[in-house]
2 protein chains.
Amino acid sequence: MVALKQKLEERGLRKTAFRIELLTLFTQTKSSLSIEDIKSSVGKTSDKVTIYRALDAFEKSGLIHRVPDKANLARYALCHNECKPEAHSHNHAHFICTVCDETFCIENVEVPKIHLKQGYKINSSTLTLEGSCPSCQSA
Amino acid sequence: MVALKQKLEERGLRKTAFRIELLTLFTQTKSSLSIEDIKSSVGKTSDKVTIYRALDAFEKSGLIHRVPDKANLARYALCHNECKPEAHSHNHAHFICTVCDETFCIENVEVPKIHLKQGYKINSSTLTLEGSCPSCQSA
DNA sequence: AAATTTATCGCAACTTGGTTGCGTTAGTTT
DNA sequence: AAACTAACGCAACCAAGTTGCGATAAATTT
């Protein structure tokens, strides 16, 4: 909890009740959170605009990053590595279960380095796998 | 043109003026088309609903497939390989230029096969690269 | 060729994810 | 405590995409 407030302070973000609650939610979540998820657990009291702006601020300051989502919706997860503002480094793949719509970070899989024809400058690369996860297999 | 109408007929789609025009546009386009692109070249006369439904029908019948887009918008391209309804096979990477927002298919790059932990079933995998393309480099 | 069938069209109205403007509230700094 | 300004919250808005439904026009049947 203390470390959590520190994270906000380090980045020049204010320690409001809502933002602390939101960041806590992220630390307690194994995989990623959709806006839906967030709304249903901390959004009862806060306006959607507040949520969007907080997510935006968190992302800009390197606290969280966007992960892909089946329906092309926004989805976020905590940054594990050292992410600085304007330079997120998330070189891992994502697995999206098309049954339960969960998004999993595949930590131990590196996104292969691709080199393109001369002239292309690559800033980021994402490898997204779609299918069904173990719990949805058995169903 | 003849082959084009045939494609529609083969899939049980009607050869309406609009759908022929739309399919022609796809064949004339090297990379991919956003809804914006489509609207501005064939959408003057047709309703957006018509466009969406035509794209939907084309995709379902394996004529075109969706490609990722920077802003998570829908974007489509012609199917090169043999795509059947319900079974698209597009094992190539996409490059999105974040300057001009163009999406390029990287034809000669295979999406590497990833094997996950037991229990995950992968239906499709997409490798998306973001950066700036040659023409936007020089600017 | 006319009649029937049915895919496609096009308008209106709606839904959803997300944004903008702006006045108010509340951390933070002095 | 006063001043400063990030963050909040409401309303209004926007854009992408969907749904319902009657009208139109291919394709098929007679």
Side-chain angles (χ1 to χ4, degrees), chain A residues 1-2 4-25 32-40 42-64 66-76 85 101 103, chain B residues 1-2 4-25 32-40 42-64 66-76 85 101 103:
Chain A
M1 297 298 171
V2 181
L4 212 148
K5 289 187 184 173
Q6 218 165 33
K7 280 192 173 185
L8 290 171
E9 196 169 319
E10 281 169 8
R11 284 146 230 260
L13 299 173
R14 289 194 178 165
K15 290 162 265 175
T16 64
F18 170 72
R19 294 200 172 187
I20 289 169
E21 196 185 352
L22 179 60
L23 193 50
T24 305
L25 176 65
S32 57
L33 295 165
S34 66
I35 300 286
E36 275 281 294
D37 298 333
I38 295 168
K39 269 189 193 155
S40 60
V42 299
K44 302 290 183 197
T45 49
S46 298
D47 193 76
K48 60 174 181 169
V49 182
T50 302
I51 297 175
Y52 282 117
R53 286 201 269 237
L55 289 172
D56 206 47
F58 284 7
E59 195 191 12
K60 280 211 180 71
S61 61
L63 281 173
I64 60 174
R66 295 175 82 108
V67 299
D69 179 274
K70 181 198 177 185
N72 280 339
L73 302 178
R75 200 175 185 96
Y76 294 87
D101 279 10
T103 300
Chain B
M1 296 301 172
V2 180
L4 212 148
K5 289 186 185 174
Q6 218 164 33
K7 280 191 174 186
L8 290 170
E9 197 169 321
E10 281 169 7
R11 284 145 229 261
L13 300 171
R14 289 195 177 164
K15 291 160 266 174
T16 64
F18 169 71
R19 294 200 172 186
I20 290 169
E21 196 184 350
L22 179 60
L23 193 50
T24 305
L25 176 65
S32 58
L33 295 165
S34 66
I35 300 286
E36 276 281 307
D37 298 334
I38 295 167
K39 271 190 193 154
S40 62
V42 300
K44 302 290 183 196
T45 49
S46 299
D47 193 76
K48 60 175 180 167
V49 182
T50 303
I51 297 175
Y52 283 117
R53 287 201 270 237
L55 289 171
D56 206 46
F58 284 6
E59 194 192 12
K60 280 210 181 71
S61 61
L63 280 173
I64 60 174
R66 297 174 80 110
V67 299
D69 179 274
K70 179 198 178 186
N72 280 339
L73 302 177
R75 201 174 186 95
Y76 294 87
D101 279 9
T103 300

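Note that the structure is predicted; figures quoted are calculated from it, not measured.
Between the P atom of C:dG18 and the CD atom of A:Glu36 lies a distance of 10 Å, rounded to the nearest Å. Nucleotide C:dA13 holds its P atom 13 Å from the CG atom of B:Asp47, rounded to whole Å. Separating the NZ atom of A:Lys60 from the C1' atom of D:dA7 is a distance of 14 Å, rounded to the nearest angstrom. Rounded to whole angstrom, the span from the CD1 atom of B:Ile51 across to the C1' atom of D:dA15 amounts to 14 Å. Protein atom OH of A:Tyr52 is 15 Å distant from nucleotide atom P of D:dC8, rounded to whole Å. For B:Leu8 and D:dA26, the CG to P distance is 13 Å, given to the nearest whole Å. Here the P atom of nucleotide D:dA26 and the CZ atom of B:Arg19 are 12 Å apart, to the nearest Å. Rounded to whole Å, the distance from CD1 on B:Ile20 to P on C:dC9 is 10 Å.
Annotation: side chain of B:Ile64 is not in contact with side chain of B:Leu33 (no heavy-atom distance under 4.5 Å). A:Asp47 is not listed as a side-chain neighbour of A:Ile51, based on a closest heavy-atom distance of 4.5 Å or more. A:Arg53 is listed as a side-chain neighbour of A:Val49, based on a closest heavy-atom distance under 4.5 Å. In this structure the side chain of B:Thr24 never reaches within 4.5 angstrom of the side chain of B:Val42, judged on heavy atoms.
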A correct 5'-to-3' footprint of nucleotides 22-30 of chain C, with B, S and - meaning base, sugar-phosphate only and no protein heavy atom under 4.0 Å, is ----BBS--

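Proximity note for B:Phe18 (side chain, C-beta onward) versus C:dG18, C:dG10, C:dC9: the nearest is C:dC9.
Contact annotation: side chain of A:Lys48 to base of C:dG18, donor-acceptor pair present below 3.5 Å.
Remark on the helix from C:dA1-D:dT30 to C:dT30-D:dA1: inter-end axis angle 30°, axes from five-pair C1' superpositions, rounded to 10°.
For the pair B:Thr50 (side chain) and B:Ser46 (backbone), a donor-acceptor distance under 3.5 Å is absent.
Among residues two or more places apart in sequence or in another chain, the side chain to side chain contact (heavy atoms under 4.5 Å, CB included) test is passed with B:Lys15 by B:Lys5, B:Leu8, B:Glu9, B:Ile20.
Side chain to side chain, B:Asp37 and B:Ser34 meet the donor-acceptor criterion of an N or O pair below 3.5 Å.
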When you look at A:Phe58 and A:Arg11, which way does the side chain to side chain contact (heavy atoms under 4.5 Å, CB included) test go after all the steps? CA-CA 9 Å; A:Phe58 284 7; A:Arg11 284 146 230 260; over 6 Å; no

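OP1 or OP2 of C:dG10 sits under 4.0 Å from a side-chain N or O of B:Thr50.
The 12-atom threshold is not exceeded at CD of B:Glu36, counting heavy atoms of other residues, nucleotides or ligands nearer than 6.0 Å.
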